[in-house]
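Order of listing sets the numbers, starting from 1, for every ligand and every atom in it. In this chain, numbering begins with 1 at the start of the sequence shown.
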Amino acid sequence: MLQNNLGLLGAATRAALDHAPRVFIGGEWQPVANSLPAVDPSSAMPVSRIAAAGAAQVDAAVRAARTAFEAGPWPRMHGAGREALLRRLADLVERDRQTLAELEVLDVGMPIWMARDLNVGGAIGVLRYMAGFAGRANGRTVQVGVPIPDSAFFGYTQKEALGVVGAIIPWNVPLMMSVWKLAPALAAGCTVVLKPSEEASLSVLHLAGLVREAGFPAGVVNVVTGTGPEAGAALAAHPGLDKITFTGSTRTGLQVAQAAARNVTRATLELGGKSPQILFADADLDRAIPGIAGSIFLNSGQVCVAGSRLYVDRRIHDEAVDRLARHADAMRLGAGLSP
Ligand code: NAD
């Protein structure tokens, strides 16, 4: 019989599910009347409710990020100050590793080992790695060889924080994806409005609480949950952004790029892919088969670089298919917290 995740949750995770729908703007939690269910995909049961923010909340979040960038200490702070706060955030994520992992299991459907080790563990590592870049983003000295008699020239470039960054992420590894967006932007001195996927926002909301606890200045990080067509589209089209960074499907990415283009906002798009694997006749199948299976079944197959196409040499086709099918049959499905 399948075990249900809910019976296996820690007390801190239960408390995290108990919050009324809210968004994190200008360093404060703000209640939102409209809400959406957060659903555990292993049981199809709602486990909490998240805010369904609209254009008004997105606008408030962009304004808070703008104020923090123009008037707050963040971009002018010494790089060592930003580094210290990013490291403090990494320590808090490490402290709450189990809670964040359980929220991710509930929201995404991943097994607990992956949530704890790859996803939360990866987020901690990326925060610490990017923290080291704060204040160390160097410009260049330029040898200016213009041949004007009796003259010598010296040139240099400096890097400056870009401004307010909008970030939209998908549902498959929300915590790590949040940190991939936040950490480099924050290290550089930018301020951020982050919109997680309506399918998986719980860990990102918990992360917002840790940002507050770490003591980041108000408005440096803002988290607005809601649907793509409402909150996502409002953020992508907001003229107050200096940059939009998006990870998700190609179809949505096109819409984001079009919205950004209308405001001449810089855009970075990380879109969907189809990743081929090639199996040659002389491959060691004892090693290749688990590798191929792992690459397509990890995180229930919900990985942008999942090995979703397999090319097999005709001579070993039947054996490879048979062994892959047996490997898949031996996998056990169920609640991600079930041991
Ligand atoms: P999606 O495109 O449906 O949604 C991604 C995000 O965009 C969500 O937050 C969603 O709310 C938002 N969104 C939806 N419509 C929007 C709109 N009109 N304007 C602005 N935002 C909008 O993708 P998904 O189903 O959440 O994620 C799966 C996809 O992401 C797959 O295609 C996968 O390959 C891709 N992916 C890519 C990478 C990468 O690094 N390239 C990483 C992970 C996932």
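Using modelled atom types and a 3.5 Å distance limit, the side chains of Thr225 and Glu198 yield no donor-acceptor pair. Residues Thr247 and Glu270 bring no donor and acceptor atom of their side chains to less than 3.5 Å of each other.
For ligand 1, the protein residues within 4.0 angstrom (heavy atoms only) are Ile168, Ile169, Pro170, Trp171, Asn172, Met177, Lys195, Pro196, Ser197, Glu198, Gly228, Gly232, Ala233, Phe246, Thr247, Gly248, Ser249, Thr252, Gln255, Val256, Glu270, Leu271, Gly272, Gly273, Cys304.
Panel note: side chain Arg97, backbone Val120; no donor-acceptor pair is recorded below 3.5 Å.
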Can you list the steps and then say if Ser201 with Lys195 is a side chain to side chain donor-acceptor pair (under 3.5 Å)?
CA-CA 9 Å; Ser201 296; Lys195 199 217 71 78; over 6 Å; no

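Nearest heavy-atom pair across Ala167 and Val192 is CB-CG1, 4.3 Å.
Salt bridge annotation for Arg87-Glu94: absent, with no cationic side-chain nitrogen under 4.0 angstrom from a carboxylate oxygen.
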